[in-house]
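A short write-up of the structure that comes next.
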Protein chains: 4
Amino acid sequence: MRSFASDNNSGVHPSVMEAINQANKDHAIGYGDDPWSKEAVETIHRVIGNEVDPYFTFNGTGANVTALRLLTRPYQTIFCAETAHIYVDECSAPASQTGCHIRPIATTNGNGKLTPELIAPHIHGVGDQHHAQPRAIYISQCTEMGTVYTLEELKELRAFADKHQLYILMDGARISNACVALNCSLREMIINTGMDLVVLGGTKNGLMVGECLLVINDAFKQEAKFMRKNTAQLASKMRFLSCQFTAFLQDNLWKKCAANANQLAKRLCDGLKQIDGVKMTQPLDSNQLFLTMPRPVIDKLLEDYFFYFWNEEKHEIRFVTSWDTTEEDVDQLLSSIKKNS
Amino acid sequence: MRSFASDNNSGVHPSVMEAINQANKDHAIGYGDDPWSKEAVETIHRVIGNEVDPYFTFNGTGANVTALRLLTRPYQTIFCAETAHIYVDECSAPASQTGCHIRPIATTNGNGKLTPELIAPHIHGVGDQHHAQPRAIYISQCTEMGTVYTLEELKELRAFADKHQLYILMDGARISNACVALNCSLREMIINTGMDLVVLGGTKNGLMVGECLLVINDAFKQEAKFMRKNTAQLASKMRFLSCQFTAFLQDNLWKKCAANANQLAKRLCDGLKQIDGVKMTQPLDSNQLFLTMPRPVIDKLLEDYFFYFWNEEKHEIRFVTSWDTTEEDVDQLLSSIKKNS
Amino acid sequence: MRSFASDNNSGVHPSVMEAINQANKDHAIGYGDDPWSKEAVETIHRVIGNEVDPYFTFNGTGANVTALRLLTRPYQTIFCAETAHIYVDECSAPASQTGCHIRPIATTNGNGKLTPELIAPHIHGVGDQHHAQPRAIYISQCTEMGTVYTLEELKELRAFADKHQLYILMDGARISNACVALNCSLREMIINTGMDLVVLGGTKNGLMVGECLLVINDAFKQEAKFMRKNTAQLASKMRFLSCQFTAFLQDNLWKKCAANANQLAKRLCDGLKQIDGVKMTQPLDSNQLFLTMPRPVIDKLLEDYFFYFWNEEKHEIRFVTSWDTTEEDVDQLLSSIKKNS
Amino acid sequence: MRSFASDNNSGVHPSVMEAINQANKDHAIGYGDDPWSKEAVETIHRVIGNEVDPYFTFNGTGANVTALRLLTRPYQTIFCAETAHIYVDECSAPASQTGCHIRPIATTNGNGKLTPELIAPHIHGVGDQHHAQPRAIYISQCTEMGTVYTLEELKELRAFADKHQLYILMDGARISNACVALNCSLREMIINTGMDLVVLGGTKNGLMVGECLLVINDAFKQEAKFMRKNTAQLASKMRFLSCQFTAFLQDNLWKKCAANANQLAKRLCDGLKQIDGVKMTQPLDSNQLFLTMPRPVIDKLLEDYFFYFWNEEKHEIRFVTSWDTTEEDVDQLLSSIKKNS
């Protein structure tokens, strides 16, 4: 039975698995100096742009930590939403490995998005030795609430960052879903909006293991490979990570996978809205759904499905659709809920 | 053409690749709570012992760093050979993430092995607040010089460590080759010798990606999962890491792979000794060979083969055989050298 | 002209200065093994209790950082008020040197005090490897808002901490003022309430340089001296730090100094309440006053006095009285304000 | 009885103590924005040069750590002598707070001095992501062996550093003694030789508490104040630190104090050479003497004097003279030794 707990509960897309199997021939020099890694880099350059230096890492936390360490010195501040993955879900790895002051900002708009207005009051004490100095903004695209920053919103953040000499890291664990939601290219999403560093997520959208840190701002290119190794994120048999990205970016696989997830999320959302007692708590932008149901219905559903509470006290749960979710999967989930309601 | 540069230049063993392909079905809960990971843990318990808590990590540096962070506090000392991987080859990751005083010890015996006699002079300043406090011994099995600690030597280190309240981490990136060399089981190697923590290497012996940190000493079990996550070494689609270890440990695959590498290293060594101008600089214990050749021969060979200098000034190079090295590969390398000599 | 900007604008109490001058005779072994340091330790034992291990440090940040490093491992959480000194005023030193997740909690009661009710919602994810694990509570006594935790409130925090296996660090930069406010002894304040670690503040109450970390919980005694040195807080000519504490604790000097500050704060508060346009924004518990005045009055006053804005947007400023503030000082300040109102 | 254990066993020079007492008047803004600190900065500018940015810190470890954190990123290497204070005597604080690879180099010349020839073999792996990247050279002036780098030797290190894009930190805990030994000014010692950062030592030469980090290279000026605070080395009542440096640098007090120490060390050395069984193990350059004596003589002497073993196995001990050592002190020590020989 397919899970709606997280898109990382899904397996590996057949094309990606095929690429991995194909990469398993002969010997290859380790640590990235191999034909598969070269091809992956070229593919990234072709799809996103030549100004991007890609660094493959094992996982999202590793990519985030490498990126944040590149951006900062220990006396500096990283701004993020109070729901941010780096603040809430990574067991303090970002704080441990940067030493920075991480400043969580309540997204009082309720949608998990940072805005210049929300960050501005926290830009203070600049130049004052008692206070950590503003340095970086971390955003997730899609956000942890499933919402998607519009290109316009990203550009506003960029202008704000420029004004205050800040750098922006976009954690794109679900960037594919965001691009599909906005009907834009990866280039439009990250180059045209002026991001400094971007984590190009793969694992949640059909890859086996691997994320890719894209270093766009030249200022951070020289140190990147050392910081990745120092963060223990350099793979020896690199070809098995990099080959996945070639498959991912070729023939728009990333987009097709995300489109499926988003479409099925829409179908699920439409179905849920028809059910008495179910209430969506966030607008549906991508492939994450937040909703409340009566607790007995939840408990009954938990007998058949594994999923996470977002806010147990409020009976708020989260569903996530995946690259391989089918209409039947959705309908079966809806029917289970209806049956118990 | 098969490489002799490193055993991480080899690919994935077919049985391991088969296991990965088999694991790619249905959805599975992330982060280790899945049937494949359960099976891998059970297999480790059966093969090595129930007292072992296994933590799968992405790579050796990640496993080493997680282990050293578990063992230490920042005011403490880690002893290692001056050739140690954690000191020389990990871009300061162990120092960065533990904050410890890393004390490299010259292995004046020339074989890369630490002994009680070598460590003893560095046990001083105990209880003195000015000096970092002795805490951990890091050893590599096999060592970076290709040598293998005997079980007796390991027990002597254990006794020494007990006397000084030290803990031992064995970096077993090539532990399979060491077991084959000593004709002993993994249990004899790590449980019977009293190791506290062991990195069970996989990548260099037929796996795609993944090492396994074995926590044996109860004192370090409670914190291990948090330290792994805090070190950014927790895989989301864990099944694809763990399933490899099941294949690795079943039917003695680990042993067969290492036996092949060791045997072919022997064949290569025997052949090299027949060649004028080639001089072995280390006894052959496992699958790493250290040797000198006239520089022109090396340069000529580099046109056909990629391999590493160990000490360029002395014309010392390293060859490593792999799980998939064949007699033909060895003979071809030997004939290339002969041709150029 | 005496400042009301901070109690660290004051000088050294004559008795403390006399002790320093007296300590300047002969040679003495460094790092604390001298008669003055022994006397200071004995004095602390006599005044507070034998269960206390004192560690003299240079400043409050150094003492806080040493304490927090003793209490924690990098995957753990430190709870504090969002106004906390360690979160706001120490340039990220506590995050940099512990690596911990620092969780600022809004003190919605408006008085800067943490309560079990405020902390409880943040105790979650216990045992879950994704989340930093609750470990320590940091409180300031007096708080950054000038308020004082009652002994009853401290005991409630202790009970809450015990229930959740948490440890409490009390930052007593102004602990003398708090004791005077509650009319209790240092022992009643820190031993009877069950604090684990306490920073006994000196600099803000008549000392030249020096704070004292009191380690009360046995669990943290063994590592303390190493952690202090590792935090670069060990003085070589220790006698000049320690002798100040002997003077401070003898003849209740600490209490007399704080009593003066608190009394003059009361006089100032009474006077301010008589002035049109002045509004106290916090109840007066100790020697810090928070108030608003029309901006033109503030600007005029700034021509004669240096002091800090607490919230510039709201025209909220802070006054602090010191061990050496006099009635004349207060009256002069009041008259300056009146003149400009 | 005056100690020969260390120059930090001495007290505070009367002129420095007078300055401290004089600074204890009125209120003053904290953290360095006070007249005494301004005067100290001006004095440093006048004596050493306007290009120097001074940062007062509490102690040598704090100054060293602040300096090394300014110079480095965690993936980089710090070279030092294997006897270096930062490697041996600071309880791992430099490693803990920089995260760097600290590479101790055996000074095979036996005099504790680094040279380009000694460092050169360790400059390797540049640009290779597996290896920590060369960044900083730490030297002590005087060295831990009491020897003094000549100005020429320093310039050679500078040229070597330039060639390899390295930066130099001079730990001048005993820089005064070195200047006196070389009969040069502070400016000649640190500006003309091209040092990047220098710790101007005070505590070992007549100050009560306080060192001063001199930032000479413009590249490190902007971050210095934040790094000092982040390292917990910012004093609140700064005037009591800074005023000592004014006294220290005025009227050549620093030079007079060091000259006395050096001269008395010479007298002591001359006397020791007359005693049978005493053997100097280092040439006398400054105020530290290293020597061997028969163990029974040492044991007898320890009944009257406290001093440190340098190498207990070899019966090697260290004597240090101070700013306040007198001819009588020296003669008394000599006579004690003779009596026991």
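Every chain is numbered from 1 and lettered A, B, ... according to where its sequence line falls, protein lines coming before strand lines. Note that these values count all heavy atoms, side chains included, but never hydrogens, waters or copies made by symmetry. None of these values were measured; they are calculated from a predicted model.
Both the backbone and the side chain of D:Val12 come within contact range of chain C, judged by heavy atoms closer than 4.5 Å. There is no contact between C:Arg228 and chain D, counting heavy-atom distances below 4.5 Å. Both the backbone and the side chain of C:Ile20 come within contact range of chain D, judged by heavy atoms closer than 4.5 Å. Residue D:Ser96 touches chain C through its side chain alone, counting heavy-atom pairs closer than 4.5 Å. The parts of C:Phe226 that come within reach of chain D are both its backbone and its side chain, each placing non-hydrogen atoms under 4.5 angstrom from that chain. Interface remark: C:Ser322 contributes side-chain atoms only to the contact with chain D (heavy atom separation under 4.5 Å). Looking at D:Asp33, there are no atoms closer than 4.5 Å to chain C (heavy atoms on both sides), in backbone or side chain.
The line from CZ of D:Arg2 to CG of C:Asp26 is 7.5 Å long, rounded to the nearest 0.5 Å.
For the set D:Gly62, D:Gly60, D:Ala95, D:Ala93, the count of heavy-atom pairs under 4.5 angstrom toward chain C peaks at D:Ala93. The residue among C:Ser10, C:Ala63, C:Gly30 with the most heavy atom pairs within less than 4.5 Å of chain D is C:Ser10. Comparing D:Ala23, D:Ser92, D:Ala5 by heavy-atom pairs within less than 4.5 Å of chain C, the highest count is held by D:Ser92. Between chain D and the options C:Glu90, C:Lys25, C:Gln97, the largest number of non-hydrogen pairs under 4.5 Å is found for C:Gln97.
In plain terms, the two heavy atoms of C:Asn230 and D:Cys91 that are nearest each other are ND2-O, 2.7 Å. Between C:Ser236 and D:Asn8 the shortest heavy-atom distance is CB-ND2, 3.7 Å.
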**OP:** Evaluate the side chain to side chain contact (heavy atoms under 4.5 Å, CB included) criterion for residues C:Phe58 and D:Thr57: first the C-alpha distance (whole Å), next the side-chain angles of each, then the deciding distance (0.1 Å), finally the verdict.
**Re:** CA-CA 10 Å; C:Phe58 294 115; D:Thr57 66; over 6 Å; no
Original post:
Which is it for C:Gln233 and D:Gln233 under the side chain to side chain contact (heavy atoms under 4.5 Å, CB included) test, yes or no, and what are the steps along the way?
Top reply: CA-CA 9 Å; C:Gln233 289 289 317; D:Gln233 289 289 317; 3.8 Å; yes
Original post:
side chain to side chain contact (heavy atoms under 4.5 Å, CB included) between D:Met17 and C:Asn21: does it pass, once the steps are laid out?
Top reply: CA-CA 8 Å; D:Met17 190 57 100; C:Asn21 280 285; 3.3 Å; yes
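At least one donor-acceptor pair under 3.5 Å links the side chain of C:Asn59 to the backbone N or O of D:Leu234.
Checking each of D:Asp324, D:Asn9, D:Asp329, D:Asp7 against C:His27 for a side-chain hydrogen bond (donor to acceptor under 3.5 Å, both in side chains) leaves exactly one that passes, namely D:Asp324.
Inspection of the D:Thr203 and C:Lys237 side chains reveals no N or O donor paired with an N or O acceptor under 3.5 Å.
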